[in-house]
Amino acid sequence: MEFQQEEAAKDRDLVEAVNREAGELIRLLRCSQAPDQVLATATEHIQAAMKSLAPYLRQGEGWSTISIASDTPGLGWLEDDLTRCMPYSPVSGTCNPVAPPIRMWRDGDEVRGEVVFSPTYAGPPNSVHGGIIAAVFDELLSMANVISGNAGFTGTLSIRYQRHTPLDRPIELWAVNERTSGRKLFCRGEMRVDGQVTASAEGLFIRPATQMDS
Ligand SMILES: CCCCCCCCCC(=O)SCCNC(=O)CCNC(=O)[C@H](O)C(C)(C)COP(=O)(O)OP(=O)(O)OC[C@H]1O[C@@H](n2cnc3c(N)ncnc32)[C@H](O)[C@@H]1OP(=O)(O)O
């Protein structure tokens, strides 16, 4: 299939809307037990959508949480919407349909946020999968670094799963960069439900070396 050279969408609301709908499609597929005929019809509709998108598939290197292939707009962010920082992240990106609906914002030197996990992200009965919890902490603690002015790669991430983190209920998110030592960034975070901590995390992130470090 030939790659279309037409300009990519300028309307960000439209991009976010189609990704939200696709996330909802994933939830419906995960959570429904439809009869064969309904599944067959749904497959046809999905195939039609795939056919219209396929010509615009990007190729090449450079994929990241902030870029489509080599298109890299940089780490821009809004104080009241930190998800803007990594729009294609599989954890918080509003332009990535596999991401759960996370909101994160700056509160002084701390990051706060909220997420409701659908059963798409289920692990133990009625609870969020532990790997998903770890992924959200990775993102949350990364955001604490970003607002402190020091982005880094995850070196070590330690999670304490204190209680089951429930599905379909608002989970409060909190994180802070506690200290920085050279290139090492030390962060802490928590998930809470009704004020009670369900999981906590400690992370050591490493800022990439620059000429200033040598
Ligand atoms: C484009 C931006 C996009 C941002 C996306 C953010 C997404 C969210 C965060 C992530 O998911 S990042 C992905 C998961 N992490 C990785 O893939 C990192 C893989 N590891 C590496 O790339 C390197 O190992 C790393 C950059 C972390 C460190 O390599 P360096 O060569 O810069 O470090 P070096 O070996 O010089 O060590 C510097 C110090 O850090 C320590 N260190 C290095 N790696 C460590 C580690 N993994 N854990 C703990 N400490 C570590 C090391 O002991 C040393 O301590 P000392 O100065 O006290 O001697």
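Whatever order the structure lists them in is the order used to number ligands and atoms, beginning at 1.
Not close to ligand 1: Ala209, with no non-hydrogen atom less than 4.0 angstrom away.
Not a single N or O atom of Arg207, backbone or side chain, sits closer than 3.5 Å to an N or O atom of ligand 1.
Less than 4.0 angstrom separates some heavy atom of Gly155 from each of these atoms of ligand 1: 46 (C), 47 (N), 48 (N). Those atoms of ligand 1 with a heavy atom of Lys184 less than 4.0 angstrom away are 39 (C), 40 (O), 41 (C), 55 (O), 56 (P), 58 (O). Atoms of ligand 1 found under 4.0 Å from any heavy atom of Leu204 (numbered from 1 in listed order, with element): 49 (C), 50 (N). If you number the atoms of ligand 1 from 1 as listed, the ones under 4.0 Å from a heavy atom of Thr65 come out as 3 (C), 5 (C).
In this structure, Tyr161 contributes its side chain and Gly130 its backbone to a donor-acceptor pair below 3.5 Å. Here the side chain of Arg30 pairs a donor or acceptor atom with the backbone of Pro119 at under 3.5 angstrom.
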Pairs under 3.5 angstrom only: tabulate donor-acceptor contacts from the side chains of residues 142-150 to other protein residues two or more places apart or in another chain.
from, atom 1, to, atom 2, distance (Å)
Ser142, OG, Asp138, O, 2.7
Asn145, OD1, Asn177, ND2, 2.9
Ser148, OG, Asn145, O, 2.7

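Here Glu24 does not pair with Arg20 in a salt bridge; the nearest charged N to carboxylate O distance is not below 4.0 Å. Ion pairing between a basic and an acidic side chain is recognised when a charged N comes within 4.0 Å of a carboxylate O; Arg188 and Glu202 show no such pairing.
Which of Thr154, Val146, Asn145 comes nearest to atom 9 (C) of ligand 1 through a heavy atom is settled by distance: it is Thr154.
Test Val136, Val197, Val128 against Met191 for side chain to side chain contact (heavy atoms under 4.5 Å, CB included) and you get one pass: Val136.
Residue Ser142 touches ligand 1 through its side chain alone, judged by heavy-atom distances below 4.0 Å.
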